[in-house]
Enquirer: 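I have a structure here, written as structure tokens, and I will follow up with some questions on it.
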Amino acid sequence: MRRITLGSMLVAVAATAAATPPAAPGPTVGSKLSPVTFSDPEWHPRQFPDGTLPLLIQYEDKNAGEQNKHANKLFGAFTDHPANHGKFEFVPVADVGDYNWWPAKKYVLDNIRATCEREKVTVWIDWKGEARKVWGLTKGKSVILLLDGEGSVRFVSEGPLSEAQLKTLEAQLIGLGLSR
């Protein structure tokens with residue numbers, strides 16, 4: 001019988017850690033995001049960013065849903081303004097990687113479809129938590145990203161937005177030619 005020592009266990013853990021790729025660094029202002037594919041509740045895929053319009057992305061998992069509820073008033077001021085239609089896109093994304101199994105998928109889809117109907121918005125679905133991995137986002141944090149039409153990050157925040165961050169985001173949206 002082979003005897004396992006603490007030293008051999010530490011060597012095994014260190015080797016495993018060295019073989020595990022580091023998490024991607026989070027997005028920074030001025031960086032470009034690699035494209036990630038989400039699906040709508042009817043399973044139609046779409047890649048974001050796609051380089052067509054500026055995007056205001058709100059990326060959340062089940063633990064982050066309440067963190068930026070106070071920001072929805074600001075988002076609505078821009079999304080509901082008729083002068084902004086066709087100038088940018090609001091992209092709410094649900095990170096449901098923890099529920100990518102049957103029968104949980106059915107309940108997730110039912111819930112998201114109800115939200116889409118109630119809020120009159122398409123909620124995009126990240127079934128595998130791909131954006132979190134590719135973009136380097138923190139699990140359990142509400143992430144707000146503002147991208148210009150070329151896909152460059154103009155604003156990024158993880159966690160609850162402060163009043164100062166809300167003002168900065170508002171200024172960035174206005175800087176993209178949007179009306180409040």
Side-chain angles (χ1 to χ4, degrees), residues 26-97 108-109 111-127 129-132 134-135 137-138 140-180:
T28 57
V29 172
S31 66
K32 287 201 178 230
L33 295 182
S34 298
V36 174
T37 301
F38 305 131
S39 66
D40 69 11
E42 304 310 317
W43 298 97
H44 301 115
R46 182 167 165 206
Q47 197 172 65
F48 291 96
D50 60 5
T52 56
L53 290 171
L55 303 174
L56 176 58
I57 300 172
Q58 184 175 16
Y59 186 89
E60 297 177 338
D61 63 17
K62 69 175 179 70
N63 296 319
E66 298 296 315
Q67 291 177 13
N68 279 314
K69 252 186 157 32
H70 65 288
N72 289 339
K73 187 174 181 180
L74 175 68
F75 300 161
F78 285 94
T79 59
D80 296 344
H81 198 293
N84 295 334
H85 295 184
K87 289 185 177 181
F88 88 114
E89 187 174 357
F90 177 58
V91 183
V93 181
D95 172 4
V96 296
V108 167
L109 280 171
N111 188 304
I112 290 175
R113 285 178 178 139
T115 300
C116 291
E117 181 71 26
R118 183 179 62 251
E119 301 297 328
K120 307 290 185 240
V121 66
T122 299
V123 175
W124 294 91
I125 304 168
D126 187 353
W127 284 109
E130 184 181 0
R132 189 173 12 88
V134 172
W135 295 345
L137 308 178
T138 305
K141 299 273 186 165
S142 173
V143 179
I144 308 298
L145 291 159
L146 178 63
L147 310 178
D148 63 20
E150 288 79 45
S152 293
V153 177
R154 300 273 303 256
F155 177 89
V156 61
S157 173
E158 285 192 335
L161 288 166
S162 68
E163 287 302 315
Q165 288 173 311
L166 282 171
K167 289 183 187 314
T168 300
L169 177 57
E170 180 179 20
Q172 288 291 327
L173 287 161
I174 292 169
L176 288 171
L178 303 175
S179 302
R180 184 158 204 259

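FYI, side chains are in, hydrogens and waters are out, and symmetry mates aren't considered; it's all heavy atoms of this structure.
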Enquirer: Between Leu145 and Trp135, is there a side-chain heavy-atom distance shorter than 4.5 Å?
Expert: yes

Enquirer: Under 3.5 Å, side-chain donor or acceptor atoms of residues 80-88 against the rest of the protein: list the pairs with distances, not counting sequence neighbours.
Expert:
unit_1, atom_1, unit_2, atom_2, d
His81, ND1, Ala83, N, 3.1
Asn84, OD1, Ser179, N, 2.7
Asn84, ND2, Phe78, O, 2.8
Asn84, ND2, Ser179, O, 2.6
His85, NE2, Thr79, O, 3.3
Lys87, NZ, Gly177, O, 3.4

Enquirer: Do Ile125 and Leu109 have side-chain heavy atoms sitting under 4.5 Å apart?
Expert: yes

Enquirer: Apply salt bridge (charged side-chain N to carboxylate O under 4.0 Å, His left out) to Glu117 and list each qualifying residue two or more places apart in sequence or on a separate chain.
Expert: Lys120

Enquirer: Where does the angle between the aromatic ring planes of Phe75 and Phe90 fall among parallel (under 30°), tilted (30 to 60°) and perpendicular (over 60°)?
Expert: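 Judged by the thresholds at 30° and 60°, the geometry between Phe75 and Phe90 is tilted.
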
Enquirer: Rounded to the nearest 0.5 Å, how far apart are OG of Ser157 and CD of Gln58?
Expert: 10.5 Å

Enquirer: Step through the shown structure and confirm whether more than 12 heavy atoms of other residues, nucleotides or ligands are within 6.0 Å of NZ on Lys167.
Expert: no

Enquirer: Set out, in order, the CA-CA distance, both residues' side-chain angles and the distance that settles side chain to side chain contact (heavy atoms under 4.5 Å, CB included) for Arg180 and Leu74, then state yes or no.
Expert: CA-CA 9 Å; Arg180 184 158 204 259; Leu74 175 68; 3.6 Å; yes

Enquirer: Give, for atom CG of Leu147 and atom CZ of Phe155, the distance between the pair rounded to the nearest 0.5 Å.
Expert: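 Rounded to the nearest 0.5 Å, the CG-CZ separation comes to 12.0 Å.
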
Enquirer: Once rounded to the nearest 0.5 Å, what's the spacing between atom CD of Glu89 and atom OG1 of Thr52?
Expert: 6.5 Å

Enquirer: Please lay out, stage by stage, how Glu42 and Arg113 fare under the test salt bridge (charged side-chain N to carboxylate O under 4.0 Å, His left out).
Expert: CA-CA 9 Å; Glu42 304 310 317; Arg113 285 178 178 139; 3.2 Å; yes

Enquirer: At what distance, to the nearest 0.5 angstrom, does CG of Leu169 lie from CG of Leu146?
Expert: 6.0 Å

Enquirer: Is Ile57 close to Val143 at the side-chain level, that is, under 4.5 Å between some pair of heavy atoms?
Expert: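 When only atoms from C-beta onward are counted, Ile57 and Val143 do not touch, as no gap falls below 4.5 Å.
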
Enquirer: To the closest 0.5 Å, what do you measure between CD (Glu158) and CG (Asn68)?
Expert: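 Here the interatomic distance stands at 11.0 Å.
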
Enquirer: Are any side-chain N or O atoms of Gln47 and backbone N or O atoms of Pro35, one a donor and one an acceptor, separated by less than 3.5 Å?
Expert: no

Enquirer: Taking the side chain as everything from C-beta on, heavy atoms only, tell me whether Val91 gets closer than 4.5 Å to Thr122.
Expert: no

Enquirer: Can you sort out the partners of Asp95 under salt bridge (charged side-chain N to carboxylate O under 4.0 Å, His left out), two or more places apart, ordered by chain and number?
Expert: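 With sequence neighbours excluded, Asp95 shows a salt bridge (charged side-chain N to carboxylate O under 4.0 Å, His left out) to Arg132, given in chain and number order.
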
Enquirer: For the residue pair Thr37 and Glu130, what are the closest heavy atoms and their distance?
Expert: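 Taking Thr37 first and Glu130 second, the nearest heavy atoms are O-OE1, 3.7 Å.
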
Enquirer: Could you list the residues that satisfy ring-ring contact (aromatic ring centres under 6.0 Å, His included) with Tyr59, not counting sequence neighbours?
Expert: none

Enquirer: If the condition is salt bridge (charged side-chain N to carboxylate O under 4.0 Å, His left out), which residues does Glu163 pass it with, not counting sequence neighbours?
Expert: none

Enquirer: Looking at Pro41 and Ile112, what are the two nearest heavy atoms and their distance?
Expert: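 Scanning both residues completely, I find the closest heavy atoms to be CG-CG2, 3.7 Å.
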
Enquirer: Should Pro27 and Leu137 count as side-chain neighbours, where that means a heavy-atom distance under 4.5 Å?
Expert: yes

Enquirer: Work out which heavy atom in Ser34 is nearest to a heavy atom in Pro49; give both atom names and the distance.
Expert: O-CD, 4.1 Å

Enquirer: Sequence neighbours left out, what passes salt bridge (charged side-chain N to carboxylate O under 4.0 Å, His left out) with Asp50? Give chain and number order.
Expert: Arg46

Enquirer: Are any non-hydrogen side-chain atoms of Gln165 and Ile144 less than 4.5 angstrom apart?
Expert: no

Enquirer: Any donor and acceptor pair, going by atom type alone, linking the side chain of Lys32 with main-chain N or O of Glu150 inside 3.5 Å?
Expert: yes

Enquirer: Would you sort out whether Thr28 and Val153 count as a side chain to side chain contact (heavy atoms under 4.5 Å, CB included), showing the intermediate values?
Expert: CA-CA 7 Å; Thr28 57; Val153 177; over 6 Å; no

Enquirer: Are side-chain heavy atoms of Phe48 and Val36 found at a separation under 4.5 Å?
Expert: no

Enquirer: Distance check, rounded to the nearest 0.5 Å: Glu66 atom CD versus Glu60 atom CD?
Expert: 8.5 Å

Enquirer: Does a side-chain heavy-atom distance below 4.5 Å link Trp124 with Asp126?
Expert: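 Sidechains of Asp126 and Trp124: no contact.
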
